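Read through the structure below, which is laid out as structure tokens, and then see the notes.
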Amino acid sequence: MRTYLGHVELVNPITTAAGCAASGAELAQFFDLGRIGALTTRSITMAPRAGRPTPRMAETPSGMLNAVGLQGPGVDAFLERELPWLAQRSVRTVVSIGGGTVAEYTALARRLTDAPGVTAVEVNLSCPNIEDRGRVFARDGAASAEVIASVRSVMRYDVPVVAKLSPDVPDIVSVARACVDGGADALSMINNPLGMSIDTETMRPALAAVTGGLSGPAVRPLAVRCVWQVHAALPSVPIIGMGGVLTGRDAFELILAGACVVAVGTALFHDPYACIRILRELEELLAARGFNRLADAVGLAHRPPGASTRHRTDLEESSL
Ligand SMILES: Cc1cc2nc3c(=O)[nH]c(=O)nc-3n(C[C@H](O)[C@H](O)[C@H](O)COP(=O)(O)O)c2cc1C
């Protein structure tokens, strides 16, 4: 079940999705966080943020809308309390960061670069760029690349920088490519596509913020499509796949599309054991299909039917 994010080894491919397990303390009541490949934190911001007004969550068919707005205590509290708590427990930690300007992302990366216990940094690019009329970074390849290049330039060389992409773009491959050209060591996808629902009793939008991010099984086919397209174009770039993973079978689907790590988000809200259960189900499923190692399944669906299971490096060679 071993997998790699750049040169960083993870004992297995399961992580939490950013924003769905805060900084891990609540989940730790249910299982030892060291049992999953990594814990991904909520997106850390420079200043503390109260988030958006309520209601900020709404259930939808096979999914959920949220407009939480990056609620959190800010980077100082994260570095003083949350990160040391995770480091003491030897939890492999992917720190997600969010900002409104390139300078803010860069300042966050500078604060994290020497902090002990950072396994990787995931750059949440689905934040409004306040220097570009609030246009979300992730919708613009050049703006995304600028953030990634700047974060990469200040981040310790041995900490992989992961660019988290949005599906709300006409061509996700071009944004992915721009991020890799900017220095991203890995990519993660998908962040929440924007959705909306209207309460037919009150006859008003269900969320105070009107629109919100859609997550859960409703978005899984979108996630599979994005991972598939990006893996086909950039087969040697590690991908963290996420979007509606509820079972080991769902995780396996993203792995077959090209993900080497799978994040579990919305499932955690009704099953705090979801990561451990999904890991066990995935292990059983791989064993039942005769895989000796996870790496042999990564991107397998791209090969013609009937082709033998081969290691990813074969795929890379054949794409040269
Ligand atoms: C309540 C909630 C909060 C989230 N907060 C963040 C966040 O802080 N940063 C981020 O990059 N993504 C955030 N996301 C997106 C998730 O990390 C994930 O990309 C998305 O929900 C798809 O996975 P899922 O369907 O398993 O939830 C959030 C999602 C939810 C549901």
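When a ligand or atom number is given, it counts from 1 through the structure's own listing order. This one's a predicted model, so the numbers in the text were calculated from it and none came from an experiment.
- Proximity of a side-chain donor or acceptor of R92 to a complementary backbone N or O of G37 within less than 3.5 Å is detected.
- Within the listing of ligand 1, atoms 1 (C) sit less than 4.0 angstrom from a heavy atom of F269.
- Ligand 1 places these atoms under 4.0 Å from at least one heavy atom of L70: 7 (C), 8 (O).
- Cation-pi contact between R81 and W85: absent, since separation from the ring centre below 6.0 Å together with deviation from the ring axis within 45° is not met.
- At a 3.5 angstrom cut-off on N or O pairs, G265 counts as close to ligand 1.
- Of all the atoms in ligand 1, the ones that sit under 4.0 Å from a non-hydrogen atom of K164 are 10 (C), 11 (O), 12 (N), 15 (C), 16 (C), 17 (O), 18 (C), 19 (O).
- Using a 4.0 Å heavy-atom cutoff, G244 is listed among the residues neighbouring ligand 1.
- One N or O on the side chain of H7 and one on the backbone of D158 form a donor-acceptor pair closer than 3.5 Å.
- Considering backbone and side-chain N/O atoms, E122 never comes within less than 3.5 Å of an N/O atom of ligand 1.
- Without hydrogens or angle criteria, N12 side chain to M1 main chain gives no donor-acceptor distance under 3.5 Å.
- When only non-hydrogen protein atoms are considered, atom 13 (C) of ligand 1 lies nearest to A18 O, 3.0 Å.
- Interface of T266 with ligand 1, defined as ligand atoms under 4.0 Å from a residue heavy atom, comprises 24 (P), 25 (O), 26 (O), 27 (O), 31 (C).
- When all heavy atoms are compared, the tightest approach of L246 to A267 is CD2-CB, 3.4 Å.
- Contact annotation: for N66 versus ligand 1, heavy atoms closer than 4.0 Å belong to the side chain alone.
- Counting only non-hydrogen atoms, the option in I190, I97, L65 that gets closest to atom 19 (O) of ligand 1 is I190.
- When T45, N192, T15 are ranked by how near their heavy atoms come to atom 20 (C) of ligand 1, first place goes to N192.
- The closest donor-acceptor contact from the side chain of T93 to the backbone of V95 lies at 3.5 Å or more, if one exists at all.
- Contact of the V264 side chain with the T16 side chain is not registered, since no non-hydrogen atoms from C-beta on lie closer than 4.5 Å.
- Nearest heavy-atom pair across S96 and N124 is OG-CB, 4.0 Å.
- Ligand 1 places these atoms under 4.0 Å from at least one heavy atom of S215: 21 (O), 25 (O), 27 (O), 31 (C).
- By the criterion of a heavy-atom distance under 4.0 Å, neither the backbone nor the side chain of A223 is placed next to ligand 1.
- Across every non-hydrogen atom of R56 and L207, the tightest pair is C-CD2, 3.4 Å.
- Residues meeting the ring-ring contact (aromatic ring centres under 6.0 Å, His included) test with Y105, sequence neighbours left out: F137.
- Residue contacts with ligand 1: S43 is placed with a nitrogen or oxygen under 3.5 Å of a nitrogen or oxygen of the ligand (distance criterion only).
- Heavy atoms of G216 approach ligand 1 to within less than 4.0 angstrom.
- Below 30°, between 30° and 60°, or above 60°: for W228 and H302 the angle between ring planes is below 30°, a parallel geometry.
- The protein heavy-atom contact nearest to atom 3 (C) of ligand 1 is G19 O, 3.4 Å.
- Only side-chain heavy atoms of M64 come within less than 4.0 Å of ligand 1; its backbone N, CA, C and O stay farther off.
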